[in-house]
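My structure is below; once you've seen it, I'll send some questions.
Keep in mind it's a predicted model, so treat the numbers as computed, not measured. Here is how names work: the chains are called A, B, and so on, in the same order as the sequence lines, proteins then strands, and each is numbered from 1.
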Amino acid sequence: MAIDWLAFTPASSLAGGALIGVAVVVYLRLAGRIAGISGVVGGLIERAADWPVRLAFVAGLVVAPTLWLAFGGVLPAASGQGWPSLLAAGLLVGFGTRLGSGCTSGHGVCGLARRSPRSLAATLAFMAAGFATVYVTRHLIA
Amino acid sequence: MKPKTVAVAFASGLLFGVGLLLSGMADPAKVLAFLDLAGAWDPSLILVMGGALAVALLGFRGVRAGGTTPLGEPLNLPTATRVDGRLVAGSLLFGAGWGLAGLCPGPALVRLGAGLPDAALFVAAMLAGMALHRVVFR
């Protein structure tokens, strides 16, 4: 393992993470809900009764880049990935997060903060699969 | 549905999205550099998760199911406790997709809002994957 110190952004990553933390705390303590993005979106697909709340959360995420730009932020670049891998990745993420009842936010942040054993298992599983997939695509078949 | 709850949801989503942009998680190249342990490894995402987790651990203190929020909303907490095959299999599939494109649901929606073309296709496929799950499991 070789750490890429030039790419390492400790201050902005820690500050951004803290903002995410504040967002999930506000959503739970005021709206009474777990800020798990896959769960929020999944409920929209299933036409849950509280869809306006879910749609508002998603709208906030979608509007975020506009606010970010207004404050002088720089948007990340297009990924340049081909459509087959984007399509496969999207299908896996959509199906997998519903089957596993959560994603990086619901399990990785909210669930771990609730000290949920299920979320710990889920987080270890998706991290391991993420590491393994990148190893395969970048070092075995690249 | 209280209008205040909808407003809080919008503000939470907005703050979450800005956090993703500031942290670097909305950049798939950075996510993939974190997941690439055998390459030029970028450890930044540990701090994203650590920062979010530290704040959430403190902020979730004392939250109990069955209570209500100051807005009068019931506190909806997950009740499942058993680690089962679906949880693990689903999380493995999710992790494989995450490692393939460097995108998870939150950053994908933020990128959609930024008008990045990769996100449109990914989000469409993600919604299809969620719909497929609904068809298969109900």
Side-chain angles (χ1 to χ4, degrees), chain A residues 1 3-4 7 9 12-14 16-21 23-27 30-33 37-38 42 45 52-53 56-57 60-62 64-65 68 75-76 78-79 85-87 89-100 103-104 109 113 118 121-122 125-126 129-130 133-134 139, chain B residues 1 5-6 8-10 12-19 21-23 27-28 35-36 38 40-42 44 47-48 51-52 55-57 59-60 69 71 73 75-76 83 87-88 90-101 104-106 109 113-114 116 118 121-122 125-126 129-130 133:
Chain A
M1 178 189 299
I3 294 180
D4 185 352
T9 52
S12 57
S13 287
L14 193 62
L19 278 186
I20 294 169
V24 304
V25 170
V26 167
Y27 195 57
L30 292 179
R33 292 160 167 87
I37 317 275
S38 59
I45 288 184
V53 179
F57 190 93
L61 283 173
V62 172
W68 176 245
L75 293 179
S79 77
S85 78
L86 285 168
L87 190 67
L91 282 170
L92 283 167
V93 168
F95 188 87
T97 52
R98 293 311 282 154
L99 185 63
C103 58
T104 349
V109 179
R118 268 173 64 85
F126 71 66
T133 302
V134 171
H139 301 284
Chain B
M1 210 69 51
T5 306
V6 176
V8 161
F10 179 75
S12 305
L14 194 60
L15 197 58
F16 198 115
V18 171
L21 284 161
L22 177 61
S23 69
D27 183 357
L35 291 174
D36 190 5
W41 189 53
D42 177 357
S44 305
L47 293 173
V48 183
V55 172
L57 268 167
F60 283 9
T69 73
L71 296 182
E73 295 285 346
L75 273 163
N76 260 315
V83 175
L87 178 86
V88 176
S91 299
L92 288 173
L93 291 176
F94 161 48
W98 190 38
L100 209 52
C104 52
L109 289 167
L116 291 160
D118 52 87
L121 177 57
F122 179 90
M126 179 177 86
M130 288 179 168
H133 171 265

Report the distance from atom OG of B/S12 to atom CG of A/L61, rounding to the nearest 0.5 Å. 10.0 Å
Which of B/D42, B/D27, B/V8 touches chain A most, by non-hydrogen pairs under 4.5 Å: B/D42
Looking only at B/A56, B/P28, B/A96, B/C104, most heavy-atom pairs under 4.5 Å shared with chain A are made by B/A96
Heavy-atom pairs under 4.5 Å with chain B, option from A/A89, A/G21, A/A7, A/A64 with the top count: A/A89
Between B/W98 and A/T133, does a side chain to side chain contact (heavy atoms under 4.5 Å, CB included) hold up when you go through it step by step? CA-CA 8 Å; B/W98 190 38; A/T133 302; over 6 Å; no
Here the pair of heavy atoms bringing B/D118 nearest to A/S79 is OD2-N, 3.2 Å
Checking the side chain of A/S13 only, and the main-chain atoms of B/S23 only, is there a donor and an acceptor separated by less than 3.5 Å? yes
Could you walk me through whether B/T5 and A/R33 pass the side chain to side chain contact (heavy atoms under 4.5 Å, CB included) check? CA-CA 10 Å; B/T5 306; A/R33 292 160 167 87; 3.7 Å; yes
Assert top hit (heavy-atom pairs under 4.5 Å, partner chain A, pool B/G51, B/A52, B/G106, B/G59) equals B/A52
Between B/T69 (side chain) and A/G32 (backbone), is there a donor-acceptor pair under 3.5 Å? no
Among B/A9, B/A38, B/A101, the residue with the most heavy-atom pairs under 4.5 Å to chain A is B/A9
Of the backbone (N, CA, C, O) and the side chain (C-beta and beyond), which part of B/L92 lies under 4.5 Å from a heavy atom of chain A, both, or neither? both
Would B/M126 and A/S38 count as a side chain to side chain contact (heavy atoms under 4.5 Å, CB included) if you check the C-alpha gap in whole Å, the side-chain angles of each, and the deciding distance to 0.1 Å? CA-CA 9 Å; B/M126 179 177 86; A/S38 59; over 6 Å; no
Give me the atom names and distance for the closest heavy-atom approach of A/V134 to B/G99. CG2-O, 3.4 Å
Do you know the tightest heavy-atom contact between A/T9 and B/S44? N-OG, 3.0 Å
For B/S91 and A/F126 the tightest heavy-atom approach is O-CB, 3.2 Å
Tell me the closest heavy-atom pair linking A/T97 and B/P105, and the distance in Å. CG2-CG, 4.4 Å
Looking only at A/V93, A/V62, A/T104, most heavy-atom pairs under 4.5 Å shared with chain B are made by A/V93
Compare all side-chain heavy atoms of B/F94 with those of A/L99 and state whether any distance is below 4.5 angstrom. no
Heavy-atom cut-off 4.5 Å, strictly under: side chain, backbone, both or neither for A/L75 against chain B? side chain
CG on B/L71 to CG on A/L30, rounded to 0.5 Å: 5.0 Å
Which of B/G19, B/G17, B/A40 touches chain A most, by non-hydrogen pairs under 4.5 Å: B/G19
Largest heavy-atom contact set with chain A, pairs under 4.5 Å, which of B/L21, B/V55, B/L15: B/L21
Note: A/G16 and B/L22 closest approach over all heavy atoms is N-CD2, 3.7 Å
